[in-house]
Amino acid sequence: MIQLARALAISRKDVESYYGKPPLVTWGLLFPAVLILAVYIKDRAGYLDVAPGIIAMTLLFGNTSMAAIVITFEKRSGTFERLLLSPLGMGTIILGKALSAAAYGIATSIVLAVGLKACMGLPMARPDVFIAGLLIGSCVFSLLGLIASVMVKEVFEAMTLMNFFRFPLLFLSGVFVPFAQMPGWLKPVAWLSPLTHAGEMIRFGIFGETAFASPWVPVAASLIMFAAVCVLSGLSFQRYARR
Amino acid sequence: MRQNESETQVAVRVAGLSKAYGDLRALDGVSFEVPMRRVFAYLGPNGAGKTTTINILCGLLERDGGEVSILGRDVAADPVLVKSRIGVVTENSNLYPELHCRRNLEYTGELYGLSADRRRSRAESLLNDFGLMDKAGAPFGTLSRGMKRRLTIAAALMHEPEILFLDEPTTGLDVPSARSLRDLIRRIVGGGATVFLTTHNLFEAEELADEIVVLIGGRIVERGKVSDIKRRIGGARCLTVSFSQSVSGGDVLGVCPAIRNAELQDGALKFEASDLHDAIAQLVAFCNKENIRMNDIGIREPSLEDAFVSLLAGAGKSDGKDRP
């Protein structure tokens, strides 16, 4: 409990310092909203097909970028060293940093979804699964951002490293082409992508249907990936701290 | 390793500490003890291994060998507990530039598990003690370098640590700020904390430290009280004498065996005295014989800097074989 309180303190401070800044919130909302609006103007019915993917993409880019930028920035300014010198377990630091990034991604996605529902009639068949998709997806993506942040020294290096896998994922994870419509040979690759499963949970939340046999499939896959990135981020941070 | 070292008045005990980066031996069997409630200075040239030692003591770096005990605990085995009892001020003032001073202190308090009331009262008290109350609402990034340094030290004291590690505390500060910081360090020790100081500033070490250790090439080459080291290593005392008429160094050296190395400096003769009493007696006898008066005489004790330079020169002759 003591360490949890300290993790929450780290998150609160990060929201205050970085995530709560108006330009960042605006950017986090404007980018996906404009993308969806562009599709809506072209095809008023077809925008619904890409909305779940774009919300998932917003999570992926927002969370990985912000988590990586914040830690890389703090490493350079020396403030991250303060955390390592404080009486905090490595899990506390990871939790604190991941929670704030995840909160940012979840908040912007919810505001985006509420806006789309109010302005464009976005359905919401299973809000609970939608929220679960946001929660698990944002945690996985935030942890991926944290892992990238301890592998590099500069912010641009973190961005380059993450873009190396983020852009291919956009085309492999059902963002623009739903999983059900993908060619058969691509589906096994899409299965390995965390974006696919977050996107499918969000899609199920919106439409009440999924390309998988059951909505529990992407939930289970996301949880397994979450466990994997938890272990990986723990190992990466331990390695960084004892460099 | 002994337990409950706080009861035995040892704040830090290091035995046979070693660390290598590839082929470079950064620390090679370093051993020392830091008594409680003292200022302990850890000196050495760049690359001597000072920061490596501090990083190991603070749990930022794993050691290759040896034992480290902070207040009776091994930081590698019990990092959270040890870190909760020490404060660390790194070479750079590394608080959060966007947070204002009070929030920086309170956030630090949160990381150390202080209650909300305690955080508020400690922040208030430290802002007051460190002369920063009028800057409480200013973002850290807008402070002068001296104020940043003071607030960084204040943040390290939020949880009232038993040991404070200070890495180059006055680097880059102007003279009044550095002096004010040294006064602060004395007050911190007066309050019951132990200060572990690393510095290049030998004047600072001489002013503050009760004991020093000199590290060169990853090995301890000297340790002890400042006065002892100066006497042992710093060499002879210097006499500076101005005479009523022109005198050459050779004239004096020929008749004053207690004096050596005469050198003209700013119109006065500077000598080294192997024995002060004999040197002055011989100088007076010389003046009486030659019917010359001494207009002025100055005596300078060897400084820690003299001792340090001697150690570096000695190490330069003998070292370099083991370090790639």
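Reminder, nothing fancy here: chain letters follow the sequence lines and each chain counts from 1.
Within 6.0 Å of CE on A/Met151 lie no more than 12 heavy atoms contributed by other residues, nucleotides or ligands. Within 6.0 Å of atom NZ in B/Lys50, more than 12 heavy atoms from other residues, nucleotides or ligands are found, so the atom counts as buried in its surroundings.
Ranked by heavy-atom pairs shorter than 4.5 Å toward chain B, the options A/Gly78, A/Ala9, A/Ser86 are led by A/Ser86. With chain A as partner, the option from B/Asn92, B/Leu81, B/Thr108, B/Thr90 having the largest number of non-hydrogen pairs under 4.5 angstrom is B/Thr90. With chain A as the partner, the residue from B/Val82, B/Val88, B/Leu99, B/Val80 showing the most heavy-atom pairs under 4.5 Å is B/Val80. With chain B as the partner, the residue from A/Arg12, A/Gln3, A/Arg82 showing the most heavy-atom pairs under 4.5 Å is A/Arg82.
Using a 4.5 Å cut-off between heavy atoms, A/Leu8 makes no contact with chain B at all. If you measure heavy-atom distances from B/Tyr107 to chain A, the contacts under 4.5 Å come from the side chain alone. No part of B/Ile86 comes within reach of chain A, as not one of its non-hydrogen atoms sits under 4.5 angstrom from that chain. Contacts of B/Leu111 with chain A are made by both backbone and side-chain atoms, with heavy-atom separations under 4.5 Å. Of the two parts of B/Ser84, the backbone and the side chain both hold a non-hydrogen atom closer than 4.5 Å to a non-hydrogen atom of chain A. When heavy atoms are compared at a cutoff of 4.5 Å, A/Ile2 does not approach chain B at all. There is no contact between A/Phe80 and chain B, counting heavy-atom distances below 4.5 Å. Both the backbone and the side chain of A/Ser17 come within less than 4.5 Å of a heavy atom of chain B. Neither the backbone nor the side chain of B/Ser93 comes within less than 4.5 Å of any heavy atom of chain A.
At a threshold of 4.5 Å between non-hydrogen side-chain atoms, the residues A/Lys13 and B/Glu110 do not count as touching.
A distance of 8.0 Å separates CG of B/Asn94 from CG of A/Leu85, quoted to the nearest 0.5 Å.
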